Amino acid sequence: NPTQIAKCFPMQNQLFDVAIFDEASQIPLQNALGAIQRSKRIVVAGDHQQMGPSSFFKAQSEETIDLLHQASFYWKNVGLKHHYRSEHPELLRFSNYHFYNNELITFPSFKQEKTPVNWHFSENGIFDERKNEIEAKAVALYIEKVIESKEMIGIVAFSETQLAEIYTQLSPQTKEKLEVRLDSDTAFFKALENVQGEECDQLIISLGYGKNENGEFHMR
């Protein structure tokens, strides 16, 4: 990390042949300067469409500038078009259309009989006090159905409050099974801002947001 570089290596130009920064949208610019100063060549890799550093969610007076933003403005850009993580092209179709101008190339899987994305609408859900209890109950019931699956399961809510509400709605038996799976790294249970690079076979996402008890939907 930047502190170790400062402590262990002299402030000497071209000390390293090359420095590679991965996930550069997550690196505050000031954290990268020490390694940049000591390197002959720099490779900065990242995705502008990813969420920025987690400090975005913290109250602060100064805006955090990430390394990717600054490097892409001043240095040569090379686009990487091949997306290899999603086995089914449909998993990336929405993002490819709305964020990447349909320029990403996906590798089709040899098994495409399944529909990879399914929507479940909680028709009577009410968003109140930053949570949606009806939706949380529906998610909890689904978790109870799949908790003993041999697949890697990911559970993500769009806020810590909604995540806590989902956990509250789980039965004591399912909570215990979930804790065992979390301890054995066969599942993860996180709010959106804490998800970075996790992979799973089945991903359960709770948006949570909806109309309030007066039928109003606030676009905050």
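In this text the structure is predicted, and so the values were computed from the model without any measurement.
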Inter-residue atom distance [X].[atom1] - [Y].[atom2], 0.5 Å rounding:
{"X": "S184", "Y": "E179", "atom1": "OG", "atom2": "CD", "result": "11.0 Å"}
{"X": "N214", "Y": "H218", "atom1": "CG", "atom2": "NE2", "result": "7.5 Å"}
{"X": "D201", "Y": "M152", "atom1": "CG", "atom2": "CE", "result": "8.0 Å"}
{"X": "T186", "Y": "D183", "atom1": "OG1", "atom2": "CG", "result": "9.0 Å"}
{"X": "N31", "Y": "I36", "atom1": "CG", "atom2": "CD1", "result": "10.5 Å"}
{"X": "Y100", "Y": "K81", "atom1": "OH", "atom2": "NZ", "result": "11.0 Å"}

Answer yes or no: is there an ion pair linking [X] with [Y], defined by an N-O contact shorter than 4.0 Å?
{"X": "E133", "Y": "K137", "result": "yes"}
{"X": "E198", "Y": "K190", "result": "yes"}
{"X": "K211", "Y": "E216", "result": "no"}

Could you check F158 against L163 for side-chain contact (heavy atoms from CB on, under 4.5 Å), going step by step and ending with a plain yes or no?
CA-CA 8 Å; F158 268 40; L163 190 72; over 6 Å; no
Report whether [X] and [Y] are members of the same hydrophobic cluster (ILVMFWY, side-chain heavy atoms less than 4.5 Å apart, transitive linking).
{"X": "L182", "Y": "Y167", "answer": "yes"}
{"X": "W75", "Y": "F73", "answer": "yes"}
{"X": "Y142", "Y": "V117", "answer": "no"}
{"X": "L192", "Y": "I204", "answer": "no"}
{"X": "I205", "Y": "W119", "answer": "no"}

Distance-minimising heavy-atom pair for [X] and [Y]:
{"X": "R38", "Y": "F9", "value": "NH2-O, 3.1 Å"}
{"X": "C200", "Y": "F188", "value": "CB-CE2, 3.9 Å"}
{"X": "I134", "Y": "G125", "value": "CB-CA, 3.7 Å"}
{"X": "D66", "Y": "S25", "value": "CB-O, 3.5 Å"}
{"X": "L178", "Y": "I155", "value": "CD1-CD1, 4.2 Å"}

Testing the 3.5 Å rule here: is there a donor-acceptor pair between the side chains of [X] and [Y]?
{"X": "Q196", "Y": "E23", "result": "yes"}
{"X": "N96", "Y": "E103", "result": "no"}
{"X": "T161", "Y": "S159", "result": "no"}
{"X": "Q202", "Y": "S149", "result": "no"}

Keeping the roles fixed (side chain from [X], backbone from [Y]), state whether a donor-acceptor pair exists under 3.5 Å.
{"X": "E165", "Y": "K131", "result": "no"}
{"X": "N132", "Y": "F127", "result": "no"}
{"X": "T174", "Y": "L170", "result": "no"}
{"X": "N212", "Y": "G210", "result": "no"}
{"X": "R41", "Y": "A19", "result": "no"}
{"X": "R93", "Y": "P89", "result": "no"}
{"X": "R181", "Y": "I147", "result": "yes"}

Under the criterion side-chain contact (heavy atoms from CB on, under 4.5 Å), I'd like the reasoning laid out for V156 against L203: C-alpha separation, chi angles, the key distance, then a yes or no.
CA-CA 8 Å; V156 175; L203 179 63; 3.8 Å; yes
I want to check something: taking the side chain as every heavy atom from C-beta on, are [X] and [Y] in contact at a cut-off of under 4.5 Å?
{"X": "V146", "Y": "I153", "answer": "yes"}
{"X": "E144", "Y": "S171", "answer": "yes"}
{"X": "L67", "Y": "V44", "answer": "yes"}
{"X": "L68", "Y": "Q70", "answer": "no"}
{"X": "I166", "Y": "I143", "answer": "yes"}
{"X": "E135", "Y": "S206", "answer": "yes"}
{"X": "P10", "Y": "L15", "answer": "yes"}
{"X": "Q49", "Y": "S95", "answer": "no"}

side-chain contact (heavy atoms from CB on, under 4.5 Å) between N13 and Q37: does it pass, once the steps are laid out?
CA-CA 6 Å; N13 288 340; Q37 174 71 18; 2.6 Å; yes
Do F217 and Y209 have ring centres separated by under 6.0 Å?
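No, the ring centres sit 6.0 Å or more apart.
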Centroid-centroid under 6.0 Å between H98 and F94 rings
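Yes - the distance between ring centres of H98 and F94 falls below the 6.0 Å cut-off.
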Take V139 and Q162, measure what side-chain contact (heavy atoms from CB on, under 4.5 Å) needs, and give me the verdict at the end.
CA-CA 11 Å; V139 173; Q162 183 68 7; 5.8 Å; no
Does atom CD (E123) have a neighbourhood of more than 12 heavy atoms from anything else shown, all under 6.0 Å?
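Not more than 12 within 6.0 Å, no.
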Under 6.0 Å from the NE2 atom of H83, do we count more than 12 heavy atoms belonging to anything else shown?
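Buried by this count: over 12 neighbours within 6.0 Å.
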